[in-house]
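Scroll down for the structure; my scribbles are underneath it.
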There are 4 protein chains.
Amino acid sequence: MPEDDPAVPRWRRRKEERPREIVDAALTVFGERGFAAARLEDVAAQAGVSKGTLYLYFPNKEELFKAVVREAILPNLDMAERLLAGAQGPSFAVLETLLTLFATRILKSRAGAIPKLIIAEAGNFPDLARFYYEEVIRRAFALLAAVLERGMARGEFRPVDVDSTVRLIVAPMLMSALWRSSFEALEGRPPDVAALLAAHLDALRRTLAPEGGPPS
Amino acid sequence: MPEDDPAVPRWRRRKEERPREIVDAALTVFGERGFAAARLEDVAAQAGVSKGTLYLYFPNKEELFKAVVREAILPNLDMAERLLAGAQGPSFAVLETLLTLFATRILKSRAGAIPKLIIAEAGNFPDLARFYYEEVIRRAFALLAAVLERGMARGEFRPVDVDSTVRLIVAPMLMSALWRSSFEALEGRPPDVAALLAAHLDALRRTLAPEGGPPS
Amino acid sequence: MPEDDPAVPRWRRRKEERPREIVDAALTVFGERGFAAARLEDVAAQAGVSKGTLYLYFPNKEELFKAVVREAILPNLDMAERLLAGAQGPSFAVLETLLTLFATRILKSRAGAIPKLIIAEAGNFPDLARFYYEEVIRRAFALLAAVLERGMARGEFRPVDVDSTVRLIVAPMLMSALWRSSFEALEGRPPDVAALLAAHLDALRRTLAPEGGPPS
Amino acid sequence: MPEDDPAVPRWRRRKEERPREIVDAALTVFGERGFAAARLEDVAAQAGVSKGTLYLYFPNKEELFKAVVREAILPNLDMAERLLAGAQGPSFAVLETLLTLFATRILKSRAGAIPKLIIAEAGNFPDLARFYYEEVIRRAFALLAAVLERGMARGEFRPVDVDSTVRLIVAPMLMSALWRSSFEALEGRPPDVAALLAAHLDALRRTLAPEGGPPS
DNA sequence: CATGAATGAGTATTCATTCAT
DNA sequence: GATGAATGAATACTCATTCAT
């Protein structure tokens with residue numbers, strides 16, 4: 001049993017992984033109940049530690065939530081930004097990749113619950129809202145704006161109002177995430193995200209196409 | 001001490017107006033704090049009555065919330081359905097009217113807070129979610145689906161996946177409502193709903209246009 | 001319709017009977033729920049009047065309860081006292097008559113709920129307890145003591161400790177009343193009060209018999 | 001300000017003793033006020049803990065009450081059943097011992113308040129009534145019935161209606177308990193339980209005696 | 001007289017946070 | 001470090017009583 005290997009004592013490894021385990025448990029519990037209704041006792045139980053231990057790593061519930069957002073969303077944003085930075089091909093392909101990534105990686109993971117969390121609690125926890133706005137939304141919007149600018153500069157896209165178009169691009173994805181959190185349990189069949197994504201990409205292709213021909 | 005002034009009665013009978021006043025106050029308070037975090041004491045204060053009075057008209061917090069939804073949303077849905085039923089002209093004009101109505105009547109009124117309320121509380125109050133799903137979402141989706149079917153039947157729209165397209169139509173409007181509830185306070189300028197609506201209608205026009213020519 | 005007879009206007013008759021109707025309704029409701037848990041709104045509804053009307057006839061809930069006791073118990077006590085005063089025959093027959101009266105008139109009527117009411121609320125409403133103790137218990141005990149004294153004086157009963165024996169006489173009747181209020185709903189069959197009364201009278205006969213022969 | 005004195009900790013861990021302390025405090029407070037009127041805040045204060053601590057050990061008020069009954073009554077019932085099981089001598093002596101135990105152990109302890117509690121709350125808390133009926137009354141009645149059957153089988157008692165006689169045996173003891181809860185405060189002298197018990201045993205002896213001679 | 005709309009004090013329960021162990 | 005027992009603030013709902021009509 002490798003746990004007994006004195007060179008890599010188990011408790012040592014655990015101590016260093018505790019924060020991640022707690023954040024992971026918190027994502028699960030926050031996703032199920034929402035921030036306000038989530039009980040730290042449940043988070044602790046889910047993480048396999050005691051309530052008091054949470055406070056050794058996070059000063060309070062709000063900071064724990066911020067850590068959840070950081071851990072679950074920011075790596076994906078980083079990846080998306082690297083993807084754009086290294087993009088060689090047509091801009092619509094970049095857009096397609098980004099939206100597909102969102103639909104497959106975020107929406108299907110437990111991180112898909114985060115938008116709902118933010119929407120729900122922004123009013124009562126302005127700090128949370130500001131944090132998310134600065135760290136996530138601004139960056140995500142800037143990223144999409146950059147794709148649009150690139151496409152327009154390369155003549156792949158017709159000229160559009162960037163700010164509005166960014167919102168048009170994001171909205172169906174956001175709606176899918178919220179839908180999952182709120183109504184999926186009520187419906188027999190889960191909504192067909194793939195169909196929505198296809199329809200959305202089709203609509204975007206037509207919308208962004210320069211007058212002469214298709215963008216991609 | 002003015003409390004003893006007999007010319008200023010402690011309260012007045014307002015059996016007829018009270019329910020509306022309470023629902024109105026509830027919309028305000030629910031909109032600010034969310035359903036769970038809203039204190040009925042605040043609703044009462046906002047309505048200018050005592051806590052007990054709320055219970056003369058509504059059996060509990062949840063029913064009060066349903067009344068808010070009924071009063072704030074259903075009349076608009078009724079109007080939208082009548083609008084479609086009486087429509088003579090091109091289908092895209094119907095769509096345009098419906099979206100414009102939403103953007104101008106709901107989004108700018110305090111009823112714009114309701115989508116956020118539902119999203120936020122659906123997980124913890126399944127009854128509320130079901131109520132809203134049955135009474136609002138289903139009807140609104142059916143309405144938009146009917147417009148799409150009408151347009152396709154009349155050759156004004158190219159054939160599309162109705163369910164996905166309904167979601168594409170709704171998403172930016174929903175996002176605007178949520179944005180207002182969650183982030184408007186953080187930004188200097190309010191988001192330009194008119195610009196978003198224009199861009200959205202433009203995108204829809206291109207998306208729904210039959211291969212030959214423009215739909216409207 | 002005699003109600004229209006101007007000589008005996010209906011509302012006039014009702015006005016005079018209102019207090020009795022209210023007391024009657026109160027007995028029903030107090031009997032079902034207990035004093036503290038009874039809602040004056042229910043009393044009013046049962047009496048066919050409005051809540052406010054109760055306060056035209058009784059200053060508060062406690063006084064209404066006292067009126068209930070007065071109306072439901074005191075007439076029976078009066079009757080019992082007259083019965084003893086006019087008694088000619090053997091003392092055991094008097095005892096038998098009194099207990100039978102209790103078992104048939106009080107226990108089976110709604111007044112049978114009153115002992116439970118008093119027991120339940122004595123701690124929280126000392127005024128009520130004192131009132132009942134002075135107006136009912138003292139008199140009832142004195143009455144039974146008088147029967148015992150009469151029997152001993154006439155040589156029908158052996159000498160007994162009067163105070164203890166009065167309690168022995170009362171206890172099974174009281175227990176029947178309490179049982180009905182508390183556990184009758186839980187058992188399939190109602191307790192056989194007639195059998196209990198017969199056994200009780202048999203026991204009393206043996207207990208009170210002078211050493212020589214039977215008392216009656 | 002002593003609150004800041006580090007030598008006086010705000011609380012101490014007492015995981016083992018706490019439940020008993022709380023049950024004990026609850027018996028006191030329930031006994032004084034009744035179940036419904038008792039405030040958990042008072043129970044907590046009486047036990048020297050905070051309100052929240054009650055919920056660490058009991059899920060709600062009703063379960064706390066059941067725990068009180070279990071702790072205060074059931075051990076006595078156990079003892080009584082063992083006593084009958086091991087009885088060698090005459091049946092009347094068993095009866096005498098049981099009643100004397102009740103009069104001295106239960107009636108004088110704070111557990112004597114429980115019958116009143118049950119009587120008072122049975123109507124509004126049917127769960128409580130059922131619990132008490134099943135766990136206490138049924139067992140106590142069965143126990144006394146067994147004593148009677150034993151006495152009749154051994155020819156010590158004349159044949160009697162067992163059910164009624166059990167009630168006759170219990171009634172004066174029950175009445176004593178109720179009296180203490182309800183009227184003792186009103187009288188100068190406490191009722192002479194010893195005299196009542198003596199008179200009751202005397203009456204039972206005469207009542208149960210076979211036609212030929214005394215039972216014991 | 002009668003009504004019933006309005007009042008507001010009172011309480012069981014939950015859970016983030018603290019801190020004795 | 002880790003635990004989990006203990007704290008106490010916060011809030012929906014009820015109902016006796018009042019009083020405008």
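Heavy-atom basis, side chains included; hydrogens, waters and symmetry copies ignored. Chain A is the first sequence line, chain B the second, and so forth, proteins listed ahead of strands; every chain is numbered from 1.
- We find that CD of B/E17 is positioned 13 Å from P of E/dA5, with the value rounded to whole Å.
- Using P as the reference atom, F/dT21 and E/dC1 are 23 Å apart when rounded to the nearest Å.
- Between D/L56 atom CG and F/dT7 atom P the separation is 9 Å, expressed in whole Å.
- The nearest whole Å value for the distance from the CD1 atom in D/I22 to the P atom in E/dA12 is 15 Å.
- Scored by the side chain to side chain contact (heavy atoms under 4.5 Å, CB included) test, D/D127 finds D/E62 as partners (sequence neighbours excluded).
- Residue C/Y55 has no polar side-chain atom (N or O) positioned under 4.0 Å from OP1 or OP2 of E/dT3.
- Across all strands shown, C/F58 has no heavy atoms under 4.0 Å from either base or sugar-phosphate atoms.
- The separation between A/F65 atom CZ and E/dA16 atom C1' is 17 Å, rounded to whole Å.
- Counting heavy atoms of neighbouring residues, nucleotides and ligands inside a 6.0 Å radius, atom CZ of C/R130 does not exceed 12 of them.
- Remark: C1' of F/dA6 and CG of D/L54 are 11 Å apart, rounded to the nearest angstrom.
- Remark: D/E71 engages D/R20 in a salt bridge (charged side-chain N to carboxylate O under 4.0 Å, His left out) (not counting sequence neighbours).
- Look at CD on B/E63: it is 16 Å from P on F/dA12, rounded to the nearest Å.
- Take C/F131 and apply the ring pair (Phe, Tyr, Trp, His ring centres under 6.0 Å) test, not counting sequence neighbours, and it matches no residue.
- Inter-residue side-chain proximity for A/L128 and A/K66 is flagged as met; some heavy-atom pair is nearer than 4.5 Å.
- Partners of C/Y132 by ring pair (Phe, Tyr, Trp, His ring centres under 6.0 Å), not counting sequence neighbours: none found.
- A heavy atom closer than 4.0 Å to some atom of DNA chain E occurs in no member of residues 122-129 of chain D.
- Legend: salt bridge (Lys or Arg N to Asp or Glu O under 4.0 Å) pairs involving residues 42-53 of chain D, not counting sequence neighbours, sorted by first then second residue: D/R33-D/D42, D/R39-D/D42.
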Both distances under 3.5 Å, Watson-Crick or G-U wobble: on that basis, could you give the dot-bracket string for DNA chain E, with [ ] for crossing pairs and | for other-strand partners? .||||||||||||||||||||
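- Look at C/R18 and you'll find a side-chain N or O under 4.0 angstrom from OP1 or OP2 of E/dA2.
- Evaluation of the side chain to side chain donor-acceptor pair (under 3.5 Å) rule for D/Y57 yields no partner, not counting sequence neighbours.
- Scanning for side chain to side chain donor-acceptor pair (under 3.5 Å) contacts around A/R110 gives A/D24, A/T28, with sequence neighbours left out.
- When all heavy atoms of D/K116 and D/G31 are compared, the closest pair comes out as NZ-O, 3.9 Å.
- Taking atom CG of residue B/D42 and atom P of nucleotide F/dT11, one finds them 8 Å apart after rounding to whole Å.
- For A/F58, there are no ring pair (Phe, Tyr, Trp, His ring centres under 6.0 Å) partners at least two apart in sequence or on another chain.
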Below 3.5 Å between N/O atoms, which protein atoms pair up with nucleotides 8-11 of chain E? Just atom names and distances, please.
{"residue": "E/dG10", "atom": "O6", "partner": "B/K51", "partner atom": "NZ", "Å": "3.1"}

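- Of the two residues contacting DNA chain E, namely D/P59 and B/G48, the nearest-nucleotide position lying further toward the 5' end is that of B/G48.
- Between the C1' atom of E/dT18 and the CD atom of A/E41 lies a distance of 15 Å, rounded to the nearest Å.
- Scanning for side chain to side chain donor-acceptor pair (under 3.5 Å) contacts around C/Y55 gives an empty result, with sequence neighbours left out.
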